[in-house]
**Q** 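Pasting a structure here, questions to come.
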Number of protein chains: 2
Amino acid sequence: MATIYEVSKLAGVSLATVSRVMNNNARVSDKTKQKVLDAMNELGYRPNASARSLASNRSDSVGIMVSELHGPFFGQMMAGIESELRAAGKHVIFTTGHSEEEREKDGIEFLMGRNCDAIIIHVEVVTDDYLVEVSQGNTPIYLLSRYVEQLKEKCISLDNEVGGYLATKALIDHGHNKIAYIAGPQFKADASNRLLGHKRALQEHGIEFNSDLLFIGDFKETGGSEGLKHFIDNQLSFSAVVCANDEMASGAMKYAREHGYTLPNDLSVIGFDNVIFANYLYPTLTTIDNPVEKMGRMAAKMVLTDIYKRKDLSIERVFEPSLILRNSIVESK
Amino acid sequence: MATIYEVSKLAGVSLATVSRVMNNNARVSDKTKQKVLDAMNELGYRPNASARSLASNRSDSVGIMVSELHGPFFGQMMAGIESELRAAGKHVIFTTGHSEEEREKDGIEFLMGRNCDAIIIHVEVVTDDYLVEVSQGNTPIYLLSRYVEQLKEKCISLDNEVGGYLATKALIDHGHNKIAYIAGPQFKADASNRLLGHKRALQEHGIEFNSDLLFIGDFKETGGSEGLKHFIDNQLSFSAVVCANDEMASGAMKYAREHGYTLPNDLSVIGFDNVIFANYLYPTLTTIDNPVEKMGRMAAKMVLTDIYKRKDLSIERVFEPSLILRNSIVESK
DNA sequence: TTGTAAGCGTTATCAG
DNA sequence: CTGATAACGCTTACAA
């Protein structure tokens, strides 16, 4: 592998000059520049990333820590981050925490040890305090889909309250007023904010919140079926159910169908997140879009702006969810 | 950040000795080793990855190039690779090709420029020849879900022929003998091998292959609906259809239902791949499992064995698919 | 605009 | 078993 040294010899200039042209951060005459470029070409020169990193104390790499790779979000989020960063010549190192506290911490520290210039973090189980502590180290961190007050400059999140509001409002707009709600675990901020939005929608439309029609699920398919079972077993009357995520919506739909409901006529269902399979469910699921790919892109842009001093990118920290109308909700009879 | 130099001073030993204990690749007396360890601890020492890489000509990182991040495979595959590699203290750099030839090539070269110790590649559009050429460079490459004769030692693939066989056999075992087949693009080896398996299953069971009952789709949802439309419009008689992947199965099911079929009674459908949403379809999709996560793990193991000289891992290059029975096929009447 | 030279933090060779 | 010391390939003051 050719080194900068051989390039400099072939081009008849000094090491420093070669370095300058690769980084084009200092004035070099067009003529010498061309000589250098030619020499590089001729030798098939490729800069050595480790050497650059060692000398410059930058690695041109950013780390990503995700809690899980399996979920439906992951792919899109990563895609957003990667395409933005790669276009800027940075590379992406990733690791996962498998939704376990120790492994999440471990992963973050692993990435810091790799001299990442920044780390983008999408985790669930680690505490806010830990993140604040980490943020005081020398590697800047950015948080995706999570809002931590002290780190708000570094957070990219979805307005879940508005999302919850939109979901319930969509049902109300279709004439429903007996609306059940299957929530996610309330210690998760996403889940509790979505529920808040639900309550606001009810209130704004003069519908009283009935706690019998609330079930706290686990954000998984089972949570959805359990929730629906609960409502049915308790002989509650409702014509629609909002599920705090699509997985639970899927579980609820499955349970309903297995118990004699014809969907969507007997029961309107709305989900949240707009994951890929929402479009494969039967009926196709009306849901609230969670623009994870865009959010990933934005995280990358923040890094580019803050760390790599790019000037031309506009930053946005809170994303608005939107309603995706499909076939799982119908007018109330 | 503390360096090896400060550690050596605090421990009262030489640089070399400190290096030895971090790599524990040479004998160091227990006593000095302990002194060094203590010093490291006290200083919160973290080795500098770039410096190590520069000096040792190893980066302890392996690259992954995937064609797409969006597909349902990606997450599982990456998860498999990452967890295996991370456990070995290696890190993973990834990039994507967006299924475009230039970007795939570009990505591969990008990773080579990053001094990856090896690259695991899962691509579709780049040619075999290109891969062979790349394999002659100094960065070893490994191919996932792809078989290239000249690189067979480096390939991890699924036995698609057997998979196709199993799918059709499952239908035959359920009493079907008028079986339609919606294939994938035949220039893709996966697709053509699956079709081969289908034909073998028919033949072994004395059913003549009828080319009217073959449709070449695009591996997407639309391909499935178009295929089914084709068969129906041509008034062909069939009680079951095998789709060469789950996406197409989903499209076929959607089309069938929209055209008056009650599933699975009026039509048995089987897919291929066992992607996540197969379990969310209605009825849940019987399909052939494509063990992408395991294959990812195996790719990592090959790298660990070949490149990092781990001795204790058993290698397997061709994976067997298996039948996943769910609710989308029933006995033929 | 260009060149010189001192690092950057390790590893690895060679002695001892 | 341990210590010097020369790389590794590049960046970046500082000079010229």
Side-chain angles (χ1 to χ4, degrees), chain A residues 1-37 39-40 43-61 89 91 112-117 138-139 308-309, chain B residues 1-37 39-40 43-61 89 91 112-117 138-139 308-309:
Chain A
M1 195 81 267
T3 72
I4 200 180
Y5 179 72
E6 304 168 43
V7 175
S8 81
K9 224 163 65 177
L10 182 59
V13 300
S14 73
L15 291 187
T17 302
V18 177
S19 174
R20 288 182 185 111
V21 356
M22 356 179 346
N23 295 293
N24 74 113
N25 52 4
R27 317 213 64 64
V28 178
S29 78
D30 285 355
K31 223 168 71 190
T32 29
K33 186 182 218 164
Q34 197 52 54
K35 276 193 301 191
V36 173
L37 258 18
M40 284 180 169
L43 295 170
Y45 171 74
R46 285 251 203 64
N48 178 312
S50 313
R52 297 183 86 173
S53 167
L54 180 59
S56 66
N57 201 29
R58 253 188 310 99
S59 65
D60 283 335
S61 72
H91 72 223
M112 306 189 77
R114 288 308 180 156
N115 305 16
C116 293
D117 296 333
N138 352 287
T139 312
Y308 299 114
K309 305 304 174 197
Chain B
M1 197 79 268
T3 73
I4 199 179
Y5 180 71
E6 305 168 43
V7 174
S8 80
K9 225 163 63 179
L10 182 58
V13 299
S14 72
L15 291 187
T17 301
V18 177
S19 175
R20 287 184 186 110
V21 355
M22 359 181 341
N23 295 293
N24 73 112
N25 52 3
R27 315 213 67 60
V28 179
S29 76
D30 286 355
K31 222 166 73 189
T32 28
K33 186 182 218 164
Q34 198 52 53
K35 275 194 302 192
V36 173
L37 258 18
M40 285 179 167
L43 295 170
Y45 170 74
R46 284 252 204 64
N48 178 312
S50 313
R52 297 184 86 171
S53 167
L54 179 58
S56 66
N57 201 28
R58 256 187 309 101
S59 65
D60 283 333
S61 71
H91 73 224
M112 307 188 79
R114 289 309 183 154
N115 305 13
C116 293
D117 296 334
N138 353 288
T139 311
Y308 299 115
K309 305 305 176 197

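Numbered from 1 within each chain, the chains take letters A, B, ... in sequence-line order. All of these numbers come straight from a predicted model, not from anything done at the bench. Any value given below was found using the heavy atoms of this structure, including those in side chains, with hydrogens, waters and symmetry copies removed.
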**Q** Check step by step if side chain to side chain contact (heavy atoms under 4.5 Å, CB included) holds for A:Arg20 and A:Lys33.
**A** CA-CA 9 Å; A:Arg20 288 182 185 111; A:Lys33 186 182 218 164; over 6 Å; no

**Q** State, to 0.1 Å, how close B:Pro47 and B:Met22 come at their nearest heavy-atom pair, and which atoms those are.
**A**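 B:Pro47 and B:Met22 have their closest heavy atoms at CB-CE, 3.5 Å.
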
**Q** Which one, D:dT12, C:dG9, D:dC10, comes nearest to the side chain of B:Thr3?
**A**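 So the nucleotide nearest the side chain must be C:dG9.
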
**Q** Identify the pairs formed between an N or O of the protein and an N or O of nucleotides 3-5 of chain D at a distance under 3.5 Å, and give each distance.
**A**
unit_1	atom_1	unit_2	atom_2	d
D:dG3	OP2	B:Ser14	N	3.0
D:dG3	OP2	B:Ser14	OG	3.3
D:dG3	OP2	B:Thr17	OG1	2.8
D:dG3	N7	B:Arg20	NH1	3.2
D:dG3	N7	B:Arg20	NH2	3.4
D:dG3	O6	B:Arg20	NH2	2.5

**Q** Can you tell me which nucleotide in C:dT1, C:dT11, D:dC10 comes closest to the side chain of B:Ser56?
**A**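 Given the options C:dT1, C:dT11, D:dC10, the side chain of B:Ser56 is closest to C:dT11.
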
**Q** Starting at CE of B:Met40 and ending at C1' of C:dG9, how long is that distance when rounded to a whole Å?
**A**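 In whole Å, C:dG9 C1' and B:Met40 CE are 13 Å from each other.
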
**Q** So, the side chain of B:Asn115 versus the backbone of B:Ser59: is there a donor-acceptor pair under 3.5 Å, distance only?
**A**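 Not a single qualifying donor-acceptor pair exists.
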
**Q** Want to settle it: does A:Arg58 or A:Ser50 sit nearer the 5' end of DNA chain D, counting the closest nucleotide to each?
**A**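 So the residue in question is A:Ser50.
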
**Q** May I ask you to verify if any side-chain N or O of B:Ser29 is less than 4.0 angstrom from the OP1 or OP2 atom of D:dC1?
**A**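 It does not, given that no N or O in the side chain of B:Ser29 lies less than 4.0 Å from OP1 or OP2 of D:dC1.
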
**Q** With A:Val21 as reference, evaluate A:Val13, A:Val7, A:Thr32, A:Val36 under the side chain to side chain contact (heavy atoms under 4.5 Å, CB included) test and give the passing residue.
**A**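 Exactly one candidate clears the test, A:Val36.
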
**Q** Would you mind reading off the distance between A:Asn24 atom CG and C:dT1 atom P, rounded to a whole angstrom?
**A**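 After rounding, the reported distance stands at 13 Å.
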
**Q** Does D:dT11 have OP1 or OP2 sitting under 4.0 Å from an N or O in the side chain of A:Asn57?
**A**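 So the side chain of A:Asn57 is outside the cut-off, no N or O lying under 4.0 Å from OP1 or OP2 of D:dT11.
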
**Q** Taking only side-chain nitrogens and oxygens of B:Tyr45, does any of them come within less than 4.0 Å of OP1 or OP2 of C:dT10?
**A**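 Answer yes for this pair, as a side-chain N or O of B:Tyr45 is under 4.0 Å from OP1 or OP2.
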
**Q** Where the side chain of B:Met22 is defined as all heavy atoms beyond and including C-beta, which of D:dT12, D:dC10, C:dT11 is the nearest nucleotide?
**A**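 Taking heavy atoms from C-beta onward, the closest nucleotide is C:dT11.
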
**Q** State which of C:dA12, C:dT11, D:dT11 makes the closest approach to the side chain of B:Asn25.
**A**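 Looking only at heavy atoms from C-beta outward on B:Asn25, the closest nucleotide is C:dA12.
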
**Q** Using a 4.5 Å cut-off on heavy atoms from C-beta on, say whether the side chain of A:Val18 contacts that of A:Met40.
**A**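 Counting from C-beta outward, A:Met40 and A:Val18 do come under 4.5 Å.
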
**Q** How bent is the helix from C:dT1-D:dA16 to C:dG16-D:dC1, comparing axes over its five end pairs at each side, to the nearest 10°?
**A**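 Both end axes considered, the difference amounts to 30°.
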
**Q** Does the side chain of A:Ser19 come within less than 4.5 Å of A:Ile4's, by heavy atoms?
**A**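 SC-SC contact between A:Ile4 and A:Ser19 confirmed.
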
**Q** Evaluate B:Asn23 against B:Arg52 for side-chain hydrogen bond (donor to acceptor under 3.5 Å, both in side chains), listing each step before the verdict.
**A** CA-CA 11 Å; B:Asn23 295 293; B:Arg52 297 184 86 171; 2.7 Å; yes

**Q** Given atom CG of A:Leu54 and atom P of D:dG9, what is their separation to the nearest angstrom?
**A**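 Between P of D:dG9 and CG of A:Leu54: 12 Å.
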
**Q** Do the side-chain N or O atoms of A:Asn23 get closer than 4.0 angstrom to the phosphate oxygens (OP1, OP2) of D:dT11?
**A**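 For D:dT11, OP1 or OP2 has a side-chain N or O of A:Asn23 closer than 4.0 Å.
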
**Q** To the nearest Å, give me how far apart CG (B:Asn48) and P (D:dG9) are.
**A**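 So the two atoms are 17 Å apart, to the nearest Å.
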
**Q** How close or far is atom C1' of C:dG9 from atom CG of B:Leu43, stated in whole angstroms?
**A**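 Roughly 15 Å, once rounded to whole Å.
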
**Q** Starting at the 5' end of DNA chain D and moving along, which residue's nearest nucleotide shows up first, B:Val28 or B:Ala51?
**A**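 Between the two, 5'-proximity favours B:Val28.
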
**Q** What is the distance from CZ of A:Arg52 to P of C:dG9, rounded to the nearest Å?
**A**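 The answer, rounded to whole Å, is 18 Å.
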
**Q** Regarding A:Ser53 and A:Ser50, do their side chains bring together a donor and an acceptor under 3.5 Å, going by distance alone?
**A**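 No donor-acceptor contact under 3.5 Å links the two side chains.
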
**Q** What integer distance in Å separates B:Lys9:NZ from D:dT2:P?
**A**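 Taking NZ of B:Lys9 and P of D:dT2, I get 21 Å after rounding.
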
**Q** Kindly say whether A:Arg58 contributes a backbone atom to a donor-acceptor pair with the side chain of A:Asp117 at under 3.5 angstrom?
**A**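 A pair under 3.5 Å: no.
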
**Q** Check A:Cys116 against A:Thr139 and note the closest heavy-atom contact, atom names and distance.
**A**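 Scanning both residues completely, I find the closest heavy atoms to be O-CG2, 3.4 Å.
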
**Q** Please pick, from C:dT2, C:dC8, C:dT10, the nucleotide with the shortest atom-to-atom distance to any side-chain atom of B:Pro47.
**A**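 Ranking C:dT2, C:dC8, C:dT10 by closest atom to the B:Pro47 side chain puts C:dT10 first.
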
**Q** From CD1 of A:Ile4 over to C1' of C:dA5, roughly how many Å is that when rounded to an integer?
**A**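 From A:Ile4 CD1 to C:dA5 C1': 14 Å.
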
